[in-house]
Amino acid sequence: MKKSSKTWFTLTVFLCLSIFMLSMVSIQQQPEPWEVPAKFKSLKNPVASSTESINTGKLLYKKHCASCHGNTGLGDGVKARQLETFPGDFSKDSYQGQTDGEHFYKTKTGRGEMPAYENKVPDEDIWHIVNYMRTFKK
Ligand code: HEC
């Protein structure tokens with residue numbers, strides 16, 4: 001190879017690598033604060049947490065939620081990287097400190113890239129998922 005074509009080759013490889021690496025570190029926004037109506041905030045979870053409920057919630061979570069929220073709720077699901085908004089870290093206090101009613105409301109109504117599950121998952125099943133998501137607490 002001539003010296004000049006070698007330089008071009010190196011430059012092209014370098015450029016391709018840079019573009020590839022830049023595409024990996026897409027800038028993701030932190031979610032805005034999400035106000036939940038008082039009525040929902042204080043809503044009591046009608047489904048007692050039990051091994052059975054947690055197992056039901058786990059199956060439903062894997063089916064509907066894990067693609068974005070990740071298997072352990074860290075917000076690292078396979079689809080998460082393509083989202084403009086970080087889906088949240090369910091192991092943290094900022095999530096676990098919220099009431100069951102808040103988790104229920106947000107799952108039911110959705111917002112932005114977070115889908116609304118109102119017409120997809122029955123209320124009782126959402127409560128099972130809420131119970132399961134408590135197990136993500138660190
Ligand atoms: C397509 C990706 C996607 C899927 C699938 C998804 N979510 Fe989300 N979720 C998000 C995003 C993005 C946010 C942040 C939205 C915001 O605050 O604007 C979010 C936020 C939330 C929040 C609020 C978190 C907090 O810290 O307040 C809860 C609760 C939640 N999701 C539950 C669920 C449940 C339960 C499911 C499955 C039934 C689910 N999500 C499925 C993307 C998703």
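Below, all heavy atoms of this structure are taken into account, side chains as well, without hydrogens, waters or symmetry copies. All ligand and atom numbering here is 1-based and tracks the order in the structure.
Looking only at its N/O/S atoms, H69 has NE2 as the one nearest to atom 8 (Fe) of ligand 1.
Each of the following atoms of ligand 1 lies closer than 4.0 Å to a heavy atom of M133: 35 (C). Every atom of ligand 1 is numbered from 1 in the order shown, and the set under 4.0 Å from a heavy atom of R111 is 16 (C), 17 (O), 18 (O). Taking every heavy atom of K106 and a limit of under 4.0 angstrom, the matching atoms of ligand 1 come to 23 (C), 25 (C), 27 (O). Those atoms of ligand 1 with a heavy atom of Q98 less than 4.0 angstrom away are 25 (C), 26 (O), 27 (O). The T85 neighbourhood of ligand 1 comprises atoms 12 (C), with distances under 4.0 Å to a heavy atom of that residue. Counting the atoms of ligand 1 from 1 in the order shown, those under 4.0 Å from a heavy atom of F90 are 24 (C), 28 (C), 30 (C). Under a 4.0 Å criterion applied to the non-hydrogen atoms of P31, ligand 1 contributes the atoms 16 (C), 17 (O). Near H64, with a cut-off below 4.0 Å to any heavy atom, the atoms of ligand 1 are 5 (C), 37 (C), 38 (C), 41 (C).
The backbone N or O of G73 lies less than 3.5 Å from no partner atom in the side chain of Y95, so there is not a single donor-acceptor pair. The backbone N or O of V47 sits less than 3.5 Å from a side-chain atom of N131, completing a donor-acceptor pair.
For P87, the closest heavy-atom approach to ligand 1 falls below 4.0 Å. Judged by the shortest distance from any of its heavy atoms, V121 lies outside the 4.0 Å radius around the atoms of ligand 1. By the 4.0 Å heavy-atom criterion, G112 is excluded from the residues contacting ligand 1.
Remark: K58 fails to qualify as a cation-pi partner of Y61 under the 6.0 Å distance and 45° angle criteria applied to the six-membered ring.
S49 places a side-chain heavy atom less than 4.5 Å from the side chain of I54. Counting heavy atoms from C-beta on, the side chains of S5 and F9 never come closer than 4.5 Å. T99 is listed as a side-chain neighbour of E102, based on a closest heavy-atom distance under 4.5 Å.
Here D123 contributes atom CG and K108 contributes atom NZ; the two are 3.5 Å apart, rounded to the nearest 0.5 Å. To the nearest 0.5 Å, the span separating CZ on F90 from SG on C65 amounts to 8.0 Å. To the nearest 0.5 Å, atoms CD (Q30) and CD (Q28) are separated by 8.0 Å.
The only option from R81, Q82, K79 that meets the side chain to side chain contact (heavy atoms under 4.5 Å, CB included) definition with C68 turns out to be K79. Partner of D100 under the side chain to side chain donor-acceptor pair (under 3.5 Å) criterion, chosen from K44, K41, R134: R134. Each of W34, W127, F40 was scored for a ring pair (Phe, Tyr, Trp, His ring centres under 6.0 Å) with Y105, with one residue passing: F40.
Protein heavy atom in closest approach to atom 29 (C) of ligand 1: Y95 CE1, 3.8 Å. Nearest to atom 3 (C) of ligand 1 among the protein's heavy atoms is C68 SG, 2.7 Å. The protein heavy-atom contact nearest to atom 41 (C) of ligand 1 is Y117 OH, 3.3 Å. Looking only at heavy atoms of the protein, atom 37 (C) of ligand 1 is closest to C65 SG, 1.9 Å. Of all protein heavy atoms, the one closest to atom 14 (C) of ligand 1 is F86 O, 3.9 Å.
Contacts of P115 with ligand 1, taken as heavy-atom pairs under 4.0 Å, involve the side chain alone. If you look at W34 next to ligand 1, the close heavy atoms, those under 4.0 Å, all belong to the side chain.
One of the N, O or S atoms belonging to M114 lies under 2.8 Å away from atom 8 (Fe) of ligand 1.
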